[in-house]
Amino acid sequence: MFKKDISPGSKSKVKSSVQRAIRTQLITTYPLLTPHIDEIIPKKEQLDAMKIPDRVTLYLIGPTPLFFQHMTDALLPHLKLVHRFPTCFPSIRIDRGAIRFVLSGATLMAPGLTSTGGRLPSGNAEEVGIYGETRKGAVGEGDREGGGWYGGRELETGEPVVICSEGKEEACAVGILSMGTKEVKEKGKGPVVEDAHYLGDGLWRLSTD
């Protein structure tokens, strides 16, 4: 989505009622952000909206980018926010061989996830609950190798997902699943994620000062 450099657009202040709705939407989509929502979007801070190309809105507090949204699609986290809260987003992990393709903006294909270095949810919701939360309520006891967390619940087509990479501590991309993780395991081929935002792309380099 942001393969080319983009210029900052005009900023507008988000109304307090809309800001509250965005807070609610965020914790609904990303439940593990709930304990951190007041840090991410403090109630007394002004949330701004910046219009950028392709009908995308970037939400910021001051110069700090938080989330972006294409039209009325799901709110997706900026990678700088993912790096601050790496275990608060549903994650999948690619093997080393797929990294250079993802960082060039290519569509993520299934083999990069089903290989030995890849990682997908276990699918055992009894073993590990939604978003890496165990039945005892302790978050993050699952597999975090590769920078993110990998909960037991299978992720469905259309869900936001963070892409981590084998051998790297920080996530490298964010996108929307075009194939559910259970189907990825069954088929082992085909496109899985159309990258919306990746390290080094135009959104990453965008000046928000």
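Scored by the side-chain hydrogen bond (donor to acceptor under 3.5 Å, both in side chains) test, K3 finds no partners at all (sequence neighbours excluded). Shown here are the ring pair (Phe, Tyr, Trp, His ring centres under 6.0 Å) partners of F101, two or more places apart in sequence or in another chain: there are none. Under the salt bridge (Lys or Arg N to Asp or Glu O under 4.0 Å) criterion, D209 pairs with no residue at all, not counting sequence neighbours. Scanning for salt bridge (Lys or Arg N to Asp or Glu O under 4.0 Å) contacts around R84 gives E39, with sequence neighbours left out. Listed by chain and number, the residues in a side-chain hydrogen bond (donor to acceptor under 3.5 Å, both in side chains) with R96 are E166 (sequence neighbours excluded). By the salt bridge (Lys or Arg N to Asp or Glu O under 4.0 Å) test, E45 pairs with no residue at all, sequence neighbours left out. When the salt bridge (Lys or Arg N to Asp or Glu O under 4.0 Å) test is applied to K185, the partners found at least two apart in sequence or on another chain are E154. When the ring pair (Phe, Tyr, Trp, His ring centres under 6.0 Å) test is applied to Y59, no partner is found at least two apart in sequence or on another chain. Applying the side-chain hydrogen bond (donor to acceptor under 3.5 Å, both in side chains) rule to Q46 yields no partners; only residues at least two apart in sequence or on another chain are considered.
Looking only at side-chain heavy atoms (C-beta outward), L26 and L66 stay at 4.5 Å or farther from each other. Using a 4.5 Å cut-off on side-chain heavy atoms (C-beta onward), I92 and V184 make no contact. The shortest distance between side-chain heavy atoms of E194 and I176 does not fall below 4.5 Å. The side-chain heavy atoms of L155 and P121, taken from C-beta on, include a pair separated by under 4.5 Å. Using a 4.5 Å cut-off on side-chain heavy atoms (C-beta onward), T107 and V193 make no contact. P90 places a side-chain heavy atom less than 4.5 Å from the side chain of Y30.
Judged purely by atom type and a 3.5 angstrom limit, T157 uses its side chain to pair as donor or acceptor with the backbone of G180. Remark: the backbone N or O of L203 is paired with a side-chain donor or acceptor of D201 at under 3.5 angstrom. Although no hydrogens or angles enter the test, the distance criterion places a donor-acceptor pair under 3.5 Å between the side chain of S178 and the main chain of V192.
Annotation: the span from D95 atom CG to T114 atom OG1 amounts to 8.5 Å, rounded to 0.5 Å. For the atom pair I99 CD1 and I163 CD1, the distance stands at 11.5 Å (nearest 0.5 Å). The line from CG of L103 to SG of C172 is 5.5 Å long, rounded to the nearest 0.5 Å. In this structure, CD1 on I6 lies 4.0 Å from CD1 on I52, to the nearest 0.5 angstrom. Atom CG of residue L81 and atom CD1 of residue I40 lie 5.0 Å apart, to the nearest 0.5 angstrom. Atom OG1 of residue T24 and atom CD of residue Q19 lie 11.0 Å apart, to the nearest 0.5 angstrom.
Considering all non-hydrogen atoms of both residues, P160 and T29 come closest at CG-CG2, 4.1 Å. A pairwise comparison of heavy atoms in L199 and A171 identifies CD1-O, 3.7 Å as the closest pair. Contact between P35 and P31 at its shortest, heavy atoms only, is CD-O, 4.4 Å. In this structure, A110 and G188 approach most closely via the heavy-atom pair CB-C, 3.6 Å. Contact between I27 and L33 at its shortest, heavy atoms only, is CG2-C, 4.4 Å. Residue F2 comes nearest to A196 through the heavy atom pair CD1-O, 3.0 Å, listed as atom of the first residue, atom of the second, then distance.
Applying the side-chain contact (heavy atoms from CB on, under 4.5 Å) test between V14 and each of I41, L47, I61 identifies L47 as the sole match. Of the listed residues (L75, L58, L76), just one forms a side-chain contact (heavy atoms from CB on, under 4.5 Å) with F67, and that residue is L75.
Residues V174 and L60 share a hydrophobic cluster, clusters being chains of Ile/Leu/Val/Met/Phe/Trp/Tyr side chains in contact below 4.5 Å. Hydrophobic clustering (side-chain heavy atoms under 4.5 Å, transitive across Ile, Leu, Val, Met, Phe, Trp, Tyr) keeps I94 apart from M109.
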Next item on the list: Given salt bridge (Lys or Arg N to Asp or Glu O under 4.0 Å), test R153 with E159 step by step and report yes or no.
Entry: CA-CA 12 Å; R153 182 180 69 89; E159 284 196 62; 3.1 Å; yes
Margin query: Walk me through whether L206 and M50 qualify under side chain to side chain contact (heavy atoms under 4.5 Å, CB included).
Written below: CA-CA 11 Å; L206 176 65; M50 177 188 287; 4.1 Å; yes
Item checked: R119 and L113: CA distance, side-chain angles, deciding distance, side chain to side chain contact (heavy atoms under 4.5 Å, CB included) verdict -> CA-CA 6 Å; R119 181 79 79 249; L113 295 162; over 6 Å; no
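Counting only residues at least two apart or in different chains, ring-ring contact (aromatic ring centres under 6.0 Å, His included) contacts with residues 171-191 are absent. Residues in residues 162-200 take part in these ring-ring contact (aromatic ring centres under 6.0 Å, His included) pairs, two or more places apart or across chains: F68-H197, H78-H197. Contacts classified as salt bridge (charged side-chain N to carboxylate O under 4.0 Å, His left out) and involving residues 6-34 (residues at least two apart or in different chains) are given here: R23-D38.
Using modelled atom types, one finds no donor on one side chain facing an acceptor on the other under 3.5 Å when comparing Q69 with T57.
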